[in-house]
Amino acid sequence: MGTVSHLECSETGERYEPGEVHGLSSAGSPLLVCYDLDVVADRLNRETLRHRREGLWRYHELLPVQKPDNRVSLGEVVTPLVPLGRLAPEGNVVVKDESRLPTGSFKARGLAVAVAMAKELGIGHLAIPTNGNAGAALAAYAARAGLRSTVFCAASTPAVNVAEAARHGATVHRVDGAIDECGRLVRDGVDTHGWFDCSTLKEPYRIEGKKTIGLELAEQRGWKLPDVIVYPTGGGTGLIGMWKAFAELEAMGWVDSKRPRMAVVQAAGCAPLVRAWQRGERHAERWPDPLTVAAGIAVPAAIGDFLVLDAVRASGGFAMAVDDHDILAARDKLAETEGLLVCPEGAATYAAYRHAVETGQIAPSDDVVLFNTASALKYPLAIRPSPHES
Ligand SMILES: *Cc1c(COP(=O)(O)O)cnc(C)c1O
C-alpha cells in the first residue's frame with residue numbers, strides 16, 4: 001500500500017484520487033500530493049533513514065511512486081553543503097551544491113520523480129517547455145525509463161542544453177520566444193499528439209521530487225532548519241517543494257515549528273515575483289521581455305506564483321532582484337575566493353545574500369543556505385576578462 005492519501009487543489013482544496021493521471025485541477029491550479037503521514041511515521045523514522053542508500057529515493061515513503069521497479073535512478077547523490085570560507089569565516093553560510101546531481105542540475109530531482117510516476121501510470125510520451133536544464137533532465141530520465149520525450153527550448157536556452165536533450169534521444173525544438181511560449185506549444189501537442197505535459201507544476205509530481213531538497217537539507221543539518229534559505233526562483237517548484245517538506249516533517253514531529261525565512265532571488269531582467277512581493281500582490285503580472293544570463297530563472301509568468309509568495313510571506317522572508325552585472329561579479333568572487341565555480345542562478349543567491357546583509361534583511365550571524373542549482377560548465381564561459389568587467 002502506498003502512503004499517498006489523495007491530491008488536493010492548491011487553490012480550492014478540492015480532492016482528487018491518487019493512482020490516476022492528473023494535470024492541473026479543475027480550477028486551473030497546481031495539484032499537491034497529500035500523504036497519510038501517520039502511516040509514513042509508522043514505517044519510517046529518523047534512525048532507519050540513517051542506514052539507507054543516499055539519493056532522493058531514500059525518502060520513498062514521502063514520494064508518490066509505489067513500485068520499487070518504477071523508481072528510475074541515475075545514481076542521485078545527497079548534495080553537499082559546502083561552507084563558505086574566507087567570504088563567511090564563521091562557517092554559517094553554506095552552498096548546497098546541486099550541480100553534483102545527474103545531468104548537472106537539480107532539475108534531476110523533479111524529473112526523476114515525474115518520469116517515475118509517468119512510468120507507473122503507463123504514460124508513454126512526455127513533453128516539456130524548458131530554458132535548458134529541465135529539458136535535459138527529462139530527456140535523460142525518459143531515456144533511462146524507456147519513455148519518449150519532446151523538448152521545446154526557449155530562445156535563451158544555452159546551446160549545450162539543447163544538444164544534451166537531443167543526445168538523450170529527445171525530439172528537440174528551438175522556439176523563438178520565452179518559456180511560456182514553449183509551454184503553449186506543449187499544450188497544443190497534448191491535444192494533437194497525446195503527449196503528457198511535464199511543465200513546472202502542471203503535473204503534480206515534479207514538486208514531490210524537488211521536495212527532497214528540503215528533506216535532505218533537514219536531515220543533513222541534524223533536523224534543524226537554517227535561519228534563511230536564499231533560492232534562485234523561476235517557476236518556484238524548489239521553494240514550494242521545500243516549504244511542503246518542512247510542513248510534512250513538522251507533522252511527523254521530525255522538525256519543530258520554526259521555519260527558515262524563505263528569500264526569493266530573481267534576475268533584475270525577469271523579476272515578476274519580486275515585483276508582486278513589493279506590491280503586496282498574491283499573483284504576479286507577466287514580465288514582458290525576460291533578459292538575463294541566468295537562463296534557469298528567466299520565467300516571465302509562474303503558475304505557482306501564489307504558492308511561492310504565500311511561503312515567502314508566511315516565513316517572514318523577502319524577494320530581491322539582482323542584476324546581471326552583480327550576478328557575474330558574484331560568480332567570479334566565489335570562483336576566485338572559494339574555488340566554487342557556480343552557475344549564474346547560484347551566483348545570484350550569493351549576490352542577494354551580500355545585498356541582504358547590507359540592508360539588514362539578513363544578519364551576519366544568521367545560518368544561511370545558498371544554492372548552486374546547476375553546473376557552471378553548462379553555460380558559456382568567457383576566457384578573460386570576465387564579462388562583468390567589460
Ligand atoms: C530551473 C532552475 C532554477 C529555478 O528553479 P525553480 O524551482 O523552477 O524556480 C534555478 N536554477 C537553475 C540552474 C535552474 O535550471
Side-chain angles (χ1 to χ4, degrees), residues 30 79 95-111 113-114 128-138 140 151 153-154 156-158 160-162 164-165 178-180 182-183 198-203 206-214 229-245 262-267 270-274 284 287 290 292-305 307-309 311-312 319 322 327 331 341-352 370-379:
T79 61
V95 177
K96 187 157 175 62
D97 189 4
E98 297 276 293
S99 72
R100 324 274 179 113
L101 288 164
T103 73
S105 93
F106 76 157
K107 289 296 193 297
R109 293 183 189 269
L111 286 149
V113 175
I128 200 165
T130 188
N131 282 325
N133 292 321
L138 173 69
V151 175
C153 298
S156 55
T157 305
V160 67
N161 293 133
V162 179
E164 206 186 343
I179 191 165
D180 48 354
C182 299
C198 287
S199 303
T200 298
L201 293 168
K202 288 190 188 159
E203 61 74 57
R206 278 177 68 184
I207 185 178
E208 293 303 297
K210 281 279 190 84
K211 184 178 84 178
T212 63
I213 307 172
I229 289 178
V230 185
Y231 187 76
T233 312
T237 346
L239 190 143
I240 302 165
M242 280 189 275
W243 194 245
K244 187 172 188 287
M262 306 300 281
V264 158
V265 181
Q266 296 200 293
C270 185
L273 295 168
V274 177
W287 194 271
T292 170
V293 291
I297 53 176
V299 178
I303 193 164
D305 52 4
L307 297 172
V308 174
L309 292 161
V312 170
V322 289
I327 289 175
R331 181 192 64 188
L341 186 57
V342 301
C343 64
E345 298 82 355
T349 66
Y350 178 68
L370 309 178
F371 278 93
N372 181 34
T373 42
S375 167
L377 303 179
K378 288 192 165 210
Y379 298 76

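Ligands are counted one by one from 1 in listed order, and the atoms in each one are counted from 1 as well. FYI, side chains are in, hydrogens and waters are out, and symmetry mates aren't considered; it's all heavy atoms of this structure.
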**Q** Checking side-chain polar atoms at under 3.5 Å, does Y231 have a donor or acceptor matched by the opposite partner on E345?
**A**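 No, no side-chain donor-acceptor pair sits under 3.5 Å.
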
**Q** For K96, what residues pass the side chain to side chain donor-acceptor pair (under 3.5 Å) criterion, not counting sequence neighbours?
**A**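 Result, side chain to side chain donor-acceptor pair (under 3.5 Å) vs K96: T79, E216, Q220.
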
**Q** Under a 3.5 Å distance rule, please check whether S99 uses its side chain to pair with a backbone N or O of S375 as donor and acceptor.
**A**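 The answer is no, because no donor-acceptor pair under 3.5 Å joins these two groups.
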
**Q** Check the pair I229 / F371 against side chain to side chain contact (heavy atoms under 4.5 Å, CB included), numbers first and verdict last.
**A** CA-CA 9 Å; I229 289 178; F371 278 93; 3.7 Å; yes

**Q** For the residue pair D305 and A284, what are the closest heavy atoms and their distance?
**A**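 Scanning both residues, the minimum pair turns out to be OD2-N, 2.8 Å.
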
**Q** List by chain and number: which residues place a heavy atom under 4.0 Å from ligand 1?
**A**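 Within 4.0 Å of ligand 1, the protein residues are F106, K107, N133, K210, Y231, P232, T233, G234, G235, G236, T237, G238, G296, I297, E345, T373, A374, Y379.
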
**Q** For R206 and T237, test the side chains for any donor-to-acceptor distance below 3.5 angstrom and give the result as yes or no.
**A**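 There is no such pair (donor and acceptor under 3.5 Å, judged by atom type) between the side chains of R206 and T237.
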
